[in-house]
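Before any comments, here is the structure.
Here is how names work: the chains are called A, B, and so on, in the same order as the sequence lines, proteins then strands, and each is numbered from 1. Note: hydrogens, waters and symmetry copies are ignored here, and every other heavy atom, side chains too, is used.
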Number of protein chains: 4
Amino acid sequence: MTSTKKEQILNTALRLFALQGYAETTTFQIAQEAQVTEPLLYYHFKNKEEIFTKILEKIFAEYKQMILNLPSETVTVFDKIENLIRLHLNIASMRPLESRLILAHCPAKLIENGHFCSKILQEQEQLLLDYLITCLKEGMAKKEFKKLDAVNTALVILCFINGLFRRKLFEQQHFPYEETAIVFCRNSLLL
Amino acid sequence: MTSTKKEQILNTALRLFALQGYAETTTFQIAQEAQVTEPLLYYHFKNKEEIFTKILEKIFAEYKQMILNLPSETVTVFDKIENLIRLHLNIASMRPLESRLILAHCPAKLIENGHFCSKILQEQEQLLLDYLITCLKEGMAKKEFKKLDAVNTALVILCFINGLFRRKLFEQQHFPYEETAIVFCRNSLLL
Amino acid sequence: MTSTKKEQILNTALRLFALQGYAETTTFQIAQEAQVTEPLLYYHFKNKEEIFTKILEKIFAEYKQMILNLPSETVTVFDKIENLIRLHLNIASMRPLESRLILAHCPAKLIENGHFCSKILQEQEQLLLDYLITCLKEGMAKKEFKKLDAVNTALVILCFINGLFRRKLFEQQHFPYEETAIVFCRNSLLL
Amino acid sequence: MTSTKKEQILNTALRLFALQGYAETTTFQIAQEAQVTEPLLYYHFKNKEEIFTKILEKIFAEYKQMILNLPSETVTVFDKIENLIRLHLNIASMRPLESRLILAHCPAKLIENGHFCSKILQEQEQLLLDYLITCLKEGMAKKEFKKLDAVNTALVILCFINGLFRRKLFEQQHFPYEETAIVFCRNSLLL
DNA sequence: TATGAATGAGAATTCATTCAT
DNA sequence: AATGAATGAATTCTCATTCAT
């Protein structure tokens, strides 16, 4: 119930950054579509960059929570990996704007020149890697998975998830190969 | 071996668009780094957009050739899929600027609003899909591969390649899991 | 009595457009002579064209009022025509910039390609024609004027007024033949 | 049979200057529509201004000839004035581009700042005035015309002709009041 | 919290003109 | 006589940002 205008600004900016890109979105456009005046942007945020940054922080925080909330107890070990894949595909459907924002700016804006995001991105990636490495080791220990190099395979699965995520997001129509993707991964890992 | 000024412009623009993004690159910067004057850009090209477009056309044409040049005779059917994966990872190393240009602009600039690239992108994707579907069917016919849904699996492999390509490109250090990736895919497909 | 910056812009633009022409006047020059910065032009007006348009609208509105304010009761019918002639000669003296602006742009910029002014110009002309036709008919009915074709004569008088107006405006020195012009017209019309 | 390209340039420039105005016409456009390259413009003419000047000189020379060719022997004195009026209306029909060029640039470009045309214009005007004054005096001497101030009346008739000329030129449809105009003038002058 | 007015810096693009050939 | 390549100097317009209120 608080600060509705500030939220309007953030929501509008999220949408515009996601759909048009950061550089292609003007502060005027944000103000106009958020139904506020431009100076108000500068009342609530230091500058355009900070609007972007705040949005990212929120997205990353939520994403991190989702990863941490994944069930730690599952019937099979592969279920955990399956959960991770499905989580990402769900995010692409449920949070298309947030997903686009990240993907569209990922190499160009986020990774370069010591952007604060590069740190967050690395951290997040480490989280995923740890999750996957633990799974893989557990799966091998329980003889559920083939023998494999846990670290490298975790990285490969990460690439796979990233590729699936990206495609689901930019696929205009539906994405009918979720099951195929799971099977593809399972076949690769299971003994 | 001196390049013409037109080529200097295209090379500089390629680099800047790849490293900074289209919107973040100014015509002034292109001119300056290409050691020409700004109006010369407009002598050789209609506008900034056309510089971008010409670069893309060239990249896409070369990429298409590479796909078409993949060997049609291989020892195993999986070799063909392996070749496709390795080709993309090679492109990421050998043509980092061209690769970045495409990836960095792919969702935001290329796919949207009837950009000429969306047609080329679709065409190129179809090329890859046809290649993969043919491989998968052949592999199943020869009892080399498991029984699987050729179309959906082709799409899934595409996502996989895309994910690998992207990571290799943005991985600052080396990319030591190429072999792991090949194994991951082979394990999934082979009987 | 200090004028706002917006007014300064309009006044300066009026002067420059009138003296140099629209195309020959730069936004930089307007800003400089109006003692404002260039972006302020774009804060108050959409673009250069709109500055021109707003000026024209004002001029036309005032001109229309002047026509409508002409006395409807006069001693002789010819007085009305005389009033119309004198009004235009007065406008040329009292509003030289506005007059020049219209005349200098009249064929080239105003009439062509659906410019909003072509509508206004036609409307204004119809106003004058109606005024003249009514006079002529009244003059004939009252046996003050010769028998003549009212519509065509009205058009001819319009040409005459236009020619006088233009000359008065561009005559460097004074314009000593106002009386001669009135006599010329009276001689032509009166029985 | 000589220098056809030079003529193409002049003809194209005449058309473009007449239809769009001097400032609105680019040398590129002239070159393109004349089917030559831009540097050729500078081979044949010192600069853009000179192209304009050469065109004007030709127009003025031809115009002067037309005035001088008017018959010096006529049945009535008014016939001479009628001839002058009809000549101008004919020029408007037969030489619309040349007429437009003059009218469209007359105040803004031609009269100002010591443009060479201001001299020619003045000279031409003197020619017309002399012609008219001579007629008027002759008409009065022969008791064909009323008693009037020859100089001022000549100027007034000049305005009248100018007004007719201008209207005929910019009247989209036909110009049906030529006869009315002649009658208007005759009524004014004749005893 | 909110805004109308204003601006410095710079963006893309144009244009008359020139130079080497 | 003719041109392809090139440019200095502008031109219109934009944009993130600030200031006074």
- prompt: Any side-chain donor paired with an acceptor under 3.5 Å for D:Thr25 and D:Gln20?
  reply: yes

field: Distance in angstrom units between C:Glu7 CD and E:dA5 C1', rounded
entry: 15 Å

message: Under 4.0 Å from OP1 or OP2 of E:dT17: is there any side-chain N or O of D:Tyr42 that close?
response: yes

Short side-chain N/O contact from A:Thr27 to OP1 or OP2 of F:dA16, under 4.0 Å: yes

Rounded interatomic separation in angstrom, taking CZ from D:Phe52 and P from E:dT17: 14 Å

Donor-acceptor under 3.5 Å (A:Gln124 side chain, A:Phe60 main chain): yes

field: First of B:Gln35 and A:Thr25 reached from the 5' end of DNA chain F, by closest nucleotide
entry: B:Gln35

statement: Considering only heavy side-chain atoms of B:Glu38, the closest of E:dA12, F:dC13, E:dT3 is E:dA12

Length of the CD-C1' vector between D:Glu24 and E:dA16, whole Å: 15 Å

- request: For A:Phe28 and for D:Val36, locate the closest nucleotide of DNA chain F by heavy-atom distance; then report the residue assigned to the nucleotide nearer the 5' terminus.
  value: D:Val36

query: Do any N or O atoms from the side chain of B:Gln122 and from the backbone of B:Lys119 form a donor-acceptor pair under 3.5 angstrom?
result: no

message: So C:Phe17 and C:Ile51, do their side chains get closer than 4.5 Å, heavy atoms only?
response: yes

query: In whole angstrom, what separates B:Lys48's NZ from E:dT14's P?
result: 15 Å

- prompt: Which base sits across from E:dG4 as a Watson-Crick or G-U pair, both distances under 3.5 Å?
  reply: F:dC19

field: F:dT7 phosphate, OP1 or OP2, under 4.0 Å from B:Lys5 side-chain N/O
entry: yes

query: Is B:Lys6 positioned over the aromatic face of B:Tyr43, cation under 6.0 angstrom from the ring centre and no more than 45 degrees off axis?
result: no

query: Which nucleotide in the list E:dA2, F:dC13, F:dA6 gets nearest to the side chain of B:Tyr43?
result: F:dA6

task: Starting at atom CD1 of A:Ile51, determine the distance to atom C1' of F:dA16, rounded to an integer number of angstrom.
output: 10 Å

task: Determine the sole option in A:Gln32, A:Lys48, A:Glu38 for which the side chain to side chain donor-acceptor pair (under 3.5 Å) test with A:Thr27 is passed.
output: A:Glu38

message: Go nucleotide by nucleotide along DNA chain E from the 5' end; which of B:Thr26 and C:Lys6 gets its closest nucleotide reached first?
response: C:Lys6

- request: Output the single nucleotide from E:dA2, F:dT7, E:dG8 whose closest atom is nearest the side chain of B:Leu40.
  value: F:dT7

query: Which nucleotide, E:dT3, E:dA16, F:dT17, lies nearest any side-chain atom of A:Asn47?
result: F:dT17

field: Protein-nucleotide distance (D:Phe45, atom CZ; F:dA2, atom P), rounded to Å
entry: 12 Å

field: Any C:His44 side-chain N or O less than 4.0 Å from OP1/OP2 of E:dA6
entry: yes

- line: Between CD of C:Gln32 and P of E:dG8 the distance, given in whole Å, is 13 Å

- request: Looking only at side-chain atoms of B:Pro39, point me to the closest of E:dT14, E:dT7, E:dA2.
  value: E:dT14

message: How many whole angstroms separate atom CG of C:Leu16 from atom P of F:dT11?
response: 13 Å

